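What follows is one structure encoded as structure tokens, with my remarks underneath.
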Amino acid sequence: MKQDIRVRIAPSPTGFFHIGSARTALYNWLFARHHNGKFILRIEDTDATRSSKEMVEVILTSLNWLGLDWDEGPQKGGEYGPYFQSERKEIYREYAEKLIKEEKAYWCFCTEEEIEKERQYYLNKKMDWKHRCREKFTETEKQKRMNAGMKPALRFKVPVEKRISFSDIVHGVVEKNASDIEDFVIIKSDGMPTYNFACVVDDFLMKISHVIRGVEHIANTPKQIMLYEAFNLPIPFFAHLPVILGKDKKKLSKRLGARSVLEYRDEGYLPDALINFLALLGWSPGGDEEIMDRERIIELFTLERINPANAIYDETKLEWLNNHYIINRIDEKTFLTSIEPFVISSGYITEEEYKKNREWVDRVCLLMRPRLKVLKDISRAKYFFTDDFEYDENSLKKYLNDKSVSLTREFMVVLKELKDFNAHNIEDSLRKFCEQKAIKTRELIHPLRVYITGTEAGPGLFETMELIGRARCIKRVLNIIERYEHGTS
RNA sequence: GGCCCCAUCGUCUAGUGGUUAGGACAUCACUCUUUCAAGGUGAAGAUACGGGUUCGACUCCCGUUGGGGCCA
């Protein structure tokens, strides 16, 4: 009978929920879903001064946006709660007591200064040093320090003769001598548990079967294993994920461009595209398959196929993937509802106007669709919405000249008389006009585009003109011509 | 300083002793085209280094270098 799969993520609400945290969450979630297991969210908020409620919200919102639903945790509850570590102090204390009773932990009465001095001493001598103060003080000295108001920290009595070994699913066998590990603190002098201690207690009580987390914790794992052994608890499986590095090969940090998941949302990345991208950052299904929806990734995902090497995070592929999703992986309706908030936040149009002209706005968005890397790029469509847009200087230099001006002015007469001002008719008349003039169509199309949109790049000119409308097109052209002829340009 | 982890094109990766080392993004060229995208075709581009093991190593072992991390 296979053991129930239960995994967890345990973010601290102290910083932003960035790409790295999101990927750890994703891999845990994928593993749980693949095995029909449970995905648990536990908030590591033991650092009261740095934790905040807002950051908890950020975590929940980020996970929700990504569509990584958790089975137990905040907002969901569950039979192994509470899921906030700050509410579990009593539990940790209880477990600490056990270790004290069995003499597997002891109180450390050293002051920080003393420890620092000791460290410096050995460092200067270039000697290896591990803090162990098991026999350092007599009972009377301890009492004396207590009376002086000192609060001791609880240290774990490392079984120095042991060699700790575990088999990591990603990295294989990892070994370490216990003698290389100091008698680490498990309860700080302020009464709070340290990461390693709380983690072991919680993972056990929450019946976590697989611990899937970043490699930065691989060095913590031997400590945790010693703790499991001290408590005589079953040891979970471990899978340590490679770290995501920035372009400078340094760990992603806020300073070096690490961005919060919510920023991706606000720029108009599609959650599915981000999920697909993140899944491929450190994992691959084995073949050449790259574009995969959630169901497909869940189906194919295994921890064994995780690449142990650190990955450098390059956003260009994400942009490409997002554009690909915008064009090919969502239907028209989904696209239009997804882009709505970005149209409104562009500020070119009020929500009311949007509702009134929905059909027209939708056509603009559809026209822009293949050109959008992120939904926010809809802001480039400014010239559809308002006459108050900027003209690109270089483009004007190129196309605002006597010849182009006279051509376009003449063509305006044709436009004025056009029956139906639609793309087809505009194109038709323009081609005929050019034929009569014996010029290439581009000689008219390019200046016309610049006069009407202010830029050389954009969707097809005829569709663009139809949407902008006859009156505004002609007005823009005449305005820019006037500007040219009065030398104000 | 000690300990731990890692190493295939610029980037993400496939590959598990015998391959012209495959794919994707990015780059470049061509193509399509009214521009920009998108699309199509193609080019260029990698096994960090040095030793072993082996008939044969990208692949296994050791070392070096480089990167990342933990102790902090």
Side-chain angles (χ1 to χ4, degrees), chain A residues 112 115-116 119-120 122-131 164 166 168 170-172 174-185 195-196 214-223 240-252 276-291 304-324 326-328 367-373 377 380 392 395 398-399 423 426-427 430-431 434 440-450 453 455-465:
Chain A
E112 268 178 54
I115 295 173
E116 185 54 35
R119 172 182 303 144
Q120 285 305 328
Y122 286 100
L123 212 65
N124 288 340
K125 291 192 154 192
K126 297 216 164 168
M127 282 172 71
D128 189 28
W129 165 81
K130 297 283 173 285
H131 185 77
I164 312 298
F166 68 99
D168 187 280
V170 176
H171 295 276
V174 177
E175 291 183 297
K176 190 166 175 143
N177 290 322
S179 55
D180 284 329
I181 300 171
E182 70 172 2
D183 284 354
F184 54 96
V185 174
Y195 167 76
N196 286 311
V215 256
E216 61 268 27
H217 292 299
I218 204 166
N220 281 320
T221 307
K223 293 181 188 174
H240 286 96
L241 274 25
V243 160
I244 300 176
L245 305 171
K247 282 200 249 325
D248 56 353
K249 295 195 175 184
K250 295 266 183 283
K251 197 177 174 186
L252 271 188
N276 194 158
F277 175 74
L278 252 22
L280 258 14
L281 204 58
W283 172 83
S284 100
D288 289 338
E289 198 173 347
E290 289 207 300
I291 312 280
E304 288 75 13
R305 288 210 55 87
I306 292 173
N307 182 164
N310 290 169
I312 292 172
Y313 173 66
D314 179 9
E315 225 159 69
T316 46
K317 191 160 181 175
L318 172 59
E319 283 179 356
W320 167 80
L321 198 61
N322 200 57
N323 173 259
H324 182 85
I326 288 174
I327 300 173
N328 303 310
L367 209 50
M368 292 296 289
R369 166 138 89 147
R371 278 152 264 261
L372 305 176
K373 281 202 160 84
D377 286 342
R380 287 207 291 260
D392 179 69
S395 304
K398 233 152 117 188
Y399 293 110
I426 297 167
E427 177 164 8
L430 183 137
R431 290 197 187 282
C434 290
K440 289 196 169 129
T441 51
R442 60 161 61 100
E443 288 180 66
L444 179 54
I445 287 175
H446 291 329
L448 200 52
R449 172 190 297 284
V450 172
T453 70
T455 168
E456 293 168 80
L461 180 62
F462 309 119
E463 289 86 350
T464 302
M465 285 174 70

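Throughout, a chain's letter reflects where its sequence line sits, starting with A, and its residues are numbered from 1. Worth saying up front: this structure is predicted, and the values here are computed from it rather than measured.
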Closest to side chain of A:Asp314, choosing from B:rC3, B:rA38, B:rG10: B:rG10
Looking only at side-chain atoms of A:Ala309, point me to the closest of B:rC6, B:rU35, B:rC12. B:rC6
Main chain of A:Pro370, side chain of A:Asn323: is a donor-acceptor contact present, judged purely on distance under 3.5 Å? yes
Residue pair A:Lys223/A:Val243 against RNA chain B: nearer the 5' end by closest nucleotide is A:Val243
Among B:rC12, B:rU35, B:rA26, the one nearest A:Leu281 by side-chain distance: B:rC12
Within this structure, what is the CG-CZ distance for the pair A:Asn322 and A:Phe277, rounded to the nearest 0.5 Å? 11.0 Å
Non-hydrogen side-chain atoms of A:Pro285 and A:Arg305 separated by less than 4.5 Å: no
Looking at every strand, decide which applies to A:Asp168 at a 4.0 Å heavy-atom threshold: base, sugar-phosphate, or nothing. nothing
Using a 4.0 Å heavy-atom cut-off, does A:Arg380 contact any base of the nucleic acid, only the sugar-phosphate backbone, or nothing at all? nothing
Quick note, A:Thr316 side chain, CB onward, closest among B:rC6, B:rG2, B:rA26 is B:rA26
By nearest atom, which of the nucleotides B:rC70, B:rU34, B:rC12 is closest to the A:Asn220 side chain? B:rC70
Contacts of A:Leu280 and A:Leu318 projected onto RNA chain B by closest heavy atom; the upstream (5') one is A:Leu280
Side chain of A:Pro308 - closest among B:rC6, B:rC5, B:rG10: B:rC6
What's the closest nucleotide to the side chain of A:Ala457 if the choices are B:rG22, B:rU13, B:rU35? B:rU35
Scan A:Asn177 against the nucleic acid and name what it touches under 4.0 Å (heavy atoms): base, sugar-phosphate only, or nothing. nothing
One should read off an interatomic distance between A:Ile306 CD1 and A:Leu241 CG, to the nearest 0.5 angstrom, of 4.5 Å
Looking only at atom P, what distance separates B:rC6 and B:rG18, rounded to whole Å? 23 Å
Suppose you measure atom C1' in B:rA46 against the same atom in B:rA38; what distance do you get, rounded to whole Å? 30 Å
Minimal non-hydrogen separation, A:Ile326 against A:Lys373, with atom names: CD1-O, 3.8 Å
Heavy atoms only, 4.0 Å cut-off, all strands: where does A:Glu175 land among base, sugar-phosphate and nothing? sugar-phosphate
Mind checking the P distance from B:rC60 to B:rA26? Whole angstroms is fine. 32 Å
Side-chain H-bond candidate by donor/acceptor type, A:Ser179 with A:Asn177, under 3.5 Å: no
What's the gap between B:rG50 and B:rC58 when it is taken at their P atoms, as a whole Å value? 12 Å
Identify which nucleotide among B:rC5, B:rU11, B:rU34 has an atom closest to any side-chain atom of A:Val174, counting heavy atoms from C-beta outward. B:rC5
Of the candidate nucleotides B:rG23, B:rA38, B:rU13, which contains the atom at the shortest distance from the side chain of A:Ala311? B:rU13
Look at all strands and tell whether A:Glu216 reaches a base, only sugar-phosphate, or nothing, counting heavy atoms closer than 4.0 Å. sugar-phosphate
Between B:rU47 and B:rG66, how far apart are the two C1' atoms, rounded to whole Å? 16 Å
Using a 4.0 Å heavy-atom cut-off across all strands, classify A:Ile312 as base, sugar-phosphate, or nothing. sugar-phosphate
Taking atom P in both B:rU19 and B:rC3, what distance in whole Å separates the two? 39 Å
If I pick the P atom on B:rG15 and the same atom on B:rC71, what distance separates them, to the nearest angstrom? 33 Å
Which nucleotide, B:rC71, B:rC3, B:rG10, lies nearest any side-chain atom of A:Glu182? B:rC71
Sticking with atom C1', work out how far B:rC30 lies from B:rU64, rounded to a whole angstrom. 46 Å
Under 4.0 angstrom, heavy atoms only, what part of the nucleic acid is A:Phe184 near: base, sugar-phosphate, or nothing? nothing
Classify A:Gly458 by what it touches in the nucleic acid, base, sugar-phosphate, or nothing, heavy-atom distance under 4.0 Å. base
